Protein chains: 2
Amino acid sequence: MRTDLRVIKTKEALHNALLEVLDEKSLDDISISEICRKAKVNRGTFYLHYAQVENLFEEYFKEITADLARSYQEPYRHVTVLNTKELNPDTIRIFHHIEKYQHFYRIVFSKKVPLLYYYLLFEEIKQLLLKDQEAILHEEIDHELHCSYQANAIIGIIIDWYHKDFIYSADYLNRQLVQIVNIQSGNSKGT
Amino acid sequence: MRTDLRVIKTKEALHNALLEVLDEKSLDDISISEICRKAKVNRGTFYLHYAQVENLFEEYFKEITADLARSYQEPYRHVTVLNTKELNPDTIRIFHHIEKYQHFYRIVFSKKVPLLYYYLLFEEIKQLLLKDQEAILHEEIDHELHCSYQANAIIGIIIDWYHKDFIYSADYLNRQLVQIVNIQSGNSKGT
DNA sequence: GATTTTACTGTACACCTGTTCAATAAAATT
DNA sequence: AATTTTATTGAACAGGTGTACAGTAAAATC
């Protein structure tokens, strides 16, 4: 069978305990012992499921990036981000997603946290772009490399946003992204 | 005075010890105790200078990114990366720099390592772009946001490169980057 | 409902962490 | 060369880490 009731219960207890402690202190100085005390779970049991506190947090994070994929694909299906002519600020839901889960992304982008979360976010966005752009293939350009470029460029904007304490609105960043992506075509038209 | 001889000696001993241990195991499971034993330095002394093993490594990293800035500015001064018409594959020295210090960047990009190093690299590249592009300002586009976008896009390519175990040559990636940056202008010309 | 399977517990161990403090030794300053 | 300053040491502390293993209890299976 897939799910032993005992496993579900312990994992739930650990999840709740982590969320409780995350309100008090930052992820990097939460100890396994502390979580287990709060969850009333033996410390040995923790190691049966996870290796570090970070792995426990990872489970939350994956739920959240799942929401990213859902919200991205919902309103306009198969609308490309790179096909600049048709680029509509409303098609990009990434910034709104980050804004919505700001609390979590403050943790994900804090400098003491392992790179792992960054890669999870990167891969999620990259996969969305890869699917979206199956149609638009440029000769001589490695398609995957291109998506890595584009996905991480977007995260670059998010990093800037994070370092400025999320003062911009998601809508503003959408408009900026459209402007940036359109620079070259704008220039070559002579604007 | 700036530099007590004792400080220089201990730091040197710790630096050498770290390099020694890095050949045996990965950064994230090197203990402070181990480094101190090898360096013949009291553990308490370590904490007088650093808080974690990561802070010791950070000193190396900053030396390396200093080389990045040097090699970037040397061959062609003030040649822009974003002004696509003049973009020459030879002007971008970043990929060659990464290739040269591959051994270090394998550590920097490993998923267990703190995000801090990523930010150090990001900021370095962003600063290079910010200086380079003082001339080319686009109305309606936040200049800093634009550089964050561009800097992180380049790192996106590097991440892809890292995940493919650096199989591409730096020259190939330079050519790819030029192609990608030129996509829009190429399209609007009708190619 | 009885049996088998397996998740969890409690205890123990060697080691690492971060901090404190008086004693020492090696610098810098005079 | 004598004195002052300060980096380093060693020892000790409470707590965390990761692992192992036998015993227990709660599931799943029959």
Side-chain angles (χ1 to χ4, degrees), chain A residues 1-61 107 110-117, chain B residues 1-61 107 110-117:
Chain A
M1 279 289 97
R2 185 91 317 142
T3 42
D4 193 312
L5 284 181
R6 289 168 295 183
V7 175
I8 296 174
K9 268 191 264 182
T10 22
K11 285 201 167 190
E12 244 171 32
L14 290 172
H15 278 183
N16 292 334
L18 175 62
L19 274 193
E20 247 185 81
V21 189
L22 266 178
D23 277 338
E24 296 166 27
K25 47 180 81 172
S26 67
L27 185 63
D28 46 277
D29 46 38
I30 293 175
S31 71
I32 292 173
S33 299
E34 189 178 6
I35 292 174
C36 291
R37 271 196 303 273
K38 286 230 175 187
K40 290 182 178 54
V41 164
N42 191 279
R43 198 163 57 84
T45 308
F46 181 96
Y47 288 103
L48 248 43
H49 301 291
Y50 312 99
Q52 312 155 332
V53 181
E54 276 75 16
N55 295 344
L56 176 57
F57 182 79
E58 193 179 335
E59 290 196 345
Y60 279 111
F61 189 69
I107 298 169
S110 64
K111 63 184 179 192
K112 285 186 180 178
V113 128
L115 248 189
L116 170 65
Y117 307 137
Chain B
M1 279 291 97
R2 185 92 317 141
T3 42
D4 192 312
L5 283 182
R6 289 169 295 183
V7 176
I8 295 174
K9 269 190 263 182
T10 16
K11 284 201 168 189
E12 243 170 34
L14 290 172
H15 278 183
N16 293 334
L18 175 61
L19 275 192
E20 246 184 82
V21 189
L22 267 177
D23 278 337
E24 296 165 29
K25 46 179 84 173
S26 66
L27 186 62
D28 46 278
D29 47 37
I30 293 174
S31 71
I32 293 173
S33 299
E34 189 178 6
I35 293 175
C36 291
R37 271 195 302 275
K38 286 231 175 185
K40 291 183 178 56
V41 164
N42 190 279
R43 200 163 56 83
T45 309
F46 181 95
Y47 288 104
L48 249 41
H49 300 290
Y50 313 98
Q52 312 156 331
V53 180
E54 275 76 16
N55 294 343
L56 177 57
F57 182 78
E58 193 180 335
E59 290 196 343
Y60 279 110
F61 189 70
I107 299 169
S110 64
K111 62 182 179 194
K112 285 186 180 178
V113 128
L115 248 188
L116 170 66
Y117 306 136

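As the structure is a computational prediction, the values presented were derived from the model and not from experiment. To find a chain, count down the sequence lines: A is the first, B the second, and so on, and within it residues start at 1.
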*ring pair (Phe, Tyr, Trp, His ring centres under 6.0 Å): which pairs involve residues 17-45 of chain B, sequence neighbours left out?*
none
*Phe61(A) and Tyr117(A) aromatic ring geometry - parallel, tilted or perpendicular at 30°/60° bounds*: tilted
*Can you check each nucleotide of nucleotides 12-23 of chain C against protein heavy atoms at under 4.0 Å and return B for base, S for sugar-phosphate only, - for none, in 5' to 3' order?*
B---SBBB----
*d(CG, Asn42(B); C1', dA11(D)) in whole Å*: 9 Å
_Salt-bridge contact Lys111(B)-Glu54(A) (side-chain N to carboxylate O under 4.0 Å)_ = no
_Is there a side-chain contact between Thr45(A) and the phosphate of dA7(C), meaning an N or O under 4.0 Å from OP1 or OP2?_
no
*DNA chain D contacts among residues 6-24 of chain B, heavy-atom distance under 4.0 Å*: Arg6(B), Val7(B), Thr10(B)
_Looking at dC8(C), I'd like to know if its phosphate oxygens (OP1 or OP2) sit under 4.0 Å from a side-chain N or O belonging to His49(A)._
yes
_Salt bridge present between Lys25(A) and Glu34(A) (N-O < 4.0 angstrom)_ = yes
*Keeping the roles fixed (side chain from Thr45(B), backbone from Val41(B)), state whether a donor-acceptor pair exists under 3.5 Å.*
no
_d(CG, Asn55(A); P, dG18(D)) in whole Å_ = 10 Å
*Is there a side-chain contact between Ile32(B) and Cys36(B), using heavy atoms and a 4.5 Å cut-off?*
yes
*Is there a side-chain contact between Phe46(A) and Thr10(A), using heavy atoms and a 4.5 Å cut-off?*
no
*For the residue pair Val113(B) and Phe57(B), establish whether any side-chain heavy-atom pair is separated by less than 4.5 Å.*
no
*Mind calculating the distance between CZ (Phe46(A)) and P (dT9(C)) to the nearest angstrom?*
13 Å
*Write out all pairs satisfying ring pair (Phe, Tyr, Trp, His ring centres under 6.0 Å) with one or both partners inside residues 14-45 of chain B, taking only residues at least two apart or from two chains.*
His15(B)-Tyr60(B)
*Sequence-distant partners of Asn55(B), side-chain contact (heavy atoms from CB on, under 4.5 Å), two or more places apart*: Tyr50(B), Ala51(B), Gln52(B), Glu58(B)
*What is the distance from CG of Asp4(B) to C1' of dT29(C), rounded to the nearest Å?*
12 Å
_Is any side-chain heavy atom of Glu59(B) closer than 4.5 Å to one of Lys11(B)?_
yes
*To 10°, what angle do the rotation axes through the five end pairs on each side of the helix from dG1(C)-dC30(D) to dT30(C)-dA1(D) form?*
40°
